[in-house]
Amino acid sequence: MNHHAEILDHASDWWRTAVIYQIYPRSFADASGDGIGDLRGITDNLSSLEVLGVDAIWLSPFYTSPQRDAGYDVADFKDVDPLFGTLADFDDMVTEAHRRGLRVIIDIVPNHTSDQHQWFQEALAAGPGSAARDRYMFREGTGPDGSTPPNNWQSVFGGPAWTRLNNNDGTPGQWFLHLFDSSQPDLDWTNESVLEGFDDVLRFWLDRDVDGFRVDVAHGLIKADGLPDFLIDETVGSMGGEDDDAPMAPYWAQEGVHDVWRRWRRVLDEYQGSRILAAEAWVYPLSKMAKWVRPDEMHQAFNFAYLETDWHAADLRTIITDSIREFAAVGAPSTWVLSNHDVVRHATRLSLGFDNPQGHGIGPKTPDLPEPAAALRRARAATLMMLALPGSSYIYQGEELGLPEAIDIPDESREDPTWFRTGGTRYGRDGCRVPLPWRADAQAYGFSTMGKSWIPQPDEWKGLARDTQAGDPTSTLSLYKNALARRREYATATATLEWDASTPAGVLSFTVGPIRVLANIDGDPIPLPAGEVLASSTPVSDTLPADTTVWILAEGVR
Ligand code: NOJ
């Protein structure tokens, strides 16, 4: 039994310190050659993640789906879409991941289904007042002829959150709610058959030995009684708001969601080993977010407040302190994340000099984009600081290669429903979803066995290919690998973070166990203290300039 496999057997609290690598299946690796990544592509390349040194992988959806929202529109929660392979391919992937000491977390999407799901098809056929319609949020319209939607809610992807159906005889009928695309009808989570259906989905995948679930839109399942009007404030982001004072929409963060998570926790606890639930919940402030990870609810929640913090020393210090305190108050570890498939990659985002609400994206017509090398330098400093923080961290595929947001995507290649629902006024999220470059000299940079890619890869990515970086000790890939090895070696994830009493303006300095972390965010250059430099986001000699992080080993430890 190798070292990792031993940990898999015994470490029941693995998730408290885990580094979890997000795989976006359609863009990781394509074994079938159709230009879209798949499960066999993942299995074939798990060795690269074992070498990188992560503890677990999380897969975005690979379920049966018409792919109107890249698989977050699920038509069958208990099967694999042929695009990605088969259930047998899934089982092989899990077996291989476990053999390599990697846990496997999968996405579950409970807020809505695809309109192609059997439940929605039954609801359409059964008509108003039926039990089948009760699984969803069907309502009559308002106004004399019912032609006005039931309320004024807006879809997260733009446009109204309601769509009207025609009755079977062709006359206009009821409206249904969809917080996302019109092909993603919202379920009614007060309906017992919905609750039971999802218990069954959880057990289906737990029986296939998954280690947990990342729960999509975990703040959205329950809507306020009476569905009161509410208009999104565009400046605070439609997934939930970035401002502590901004009112929460009546479809986010309702008390009733917690009963659902308690029920799910009981299902997970029926199983051996430590299986986890991780909440995708855009909830502020952190004291409220922490409710998702109370002892009888979920295990982890994504720390989007951290992700959304600008590159300013004082703000970062505050969010780090608050995160550790608020999650500790309910006995949970904090998590940390800088990138995922819904946000502009942090190798670009942290250097944008303007507001860009989550989901809006950037593209060819966006003015004043940052200079890539300087933006990458900052991203590396941000990552090296994040990986030192106690708790669990998430890495999004490609950030270990320093991939920036892809900007020059032709309009006709875009797939994000946001782009279509806003008539092209928001670029959406395609720029962070472009297939990975594996080999500099191969077609599609080795992403696909047939040299294809579902969306074009930028020419500059040749220089960022994994094979080129693997042999270069100064590469971003080597930086991640080194940081993950040191993190494990010095057990920083279980250490208590202590801030240094005095640091110059613009610099953050703290210790985690035997490691002192110095991050010059936006300050003047400072002298580099004595001690062995264990990791450095860019090479340093005597001074530490802005946009640079180092880890220094305390005297006498070696
Ligand atoms: C959050 C997912 O991360 C995002 O990609 C998706 O579009 C929405 N939820 C809707 O499922």
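Hydrogens, waters and symmetry mates are skipped; everything else that's a heavy atom, side chains included, is used. Ligands are counted one by one from 1 in listed order, and the atoms in each one are counted from 1 as well. In what follows, residues are counted from 1 in the order of the sequence shown.
Between the side chains of Q300 and S392, at least one donor N or O sits under 3.5 Å from an acceptor N or O. Donor-acceptor pairing under 3.5 Å is recorded for the side chains of S60 and Y72. A donor-acceptor pair shorter than 3.5 Å cannot be found between the side chains of W454 and D34.
Within the structure, salt bridge (charged side-chain N to carboxylate O under 4.0 Å, His left out) pairs that include any residue of residues 283-302 comprise E255-K291, R262-D296, R262-E297, R294-E297 (at least two apart or interchain).
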Ligand 1 N/O to protein N/O, distances under 3.5 Å:
from, atom 1, to, atom 2, distance (Å)
ligand 1, 3 (O), R214, NH2, 2.9
ligand 1, 3 (O), H341, NE2, 2.8
ligand 1, 3 (O), D342, OD2, 2.4
ligand 1, 5 (O), H341, NE2, 3.0
ligand 1, 5 (O), D342, OD1, 2.7
ligand 1, 5 (O), R429, NH1, 3.2
ligand 1, 7 (O), D69, OD1, 3.3
ligand 1, 7 (O), D69, OD2, 2.6
ligand 1, 7 (O), R429, NH1, 2.9
ligand 1, 9 (N), D216, OD1, 2.9
ligand 1, 9 (N), D216, OD2, 3.2
ligand 1, 11 (O), H112, NE2, 3.0
ligand 1, 11 (O), D216, OD2, 2.7

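The aromatic rings of F176 and F120 sit perpendicular to each other, their planes meeting at more than 60°, with 30° as the lower class boundary.
In this structure, Y427 has its ring center no closer than 6.0 Å to that of H360.
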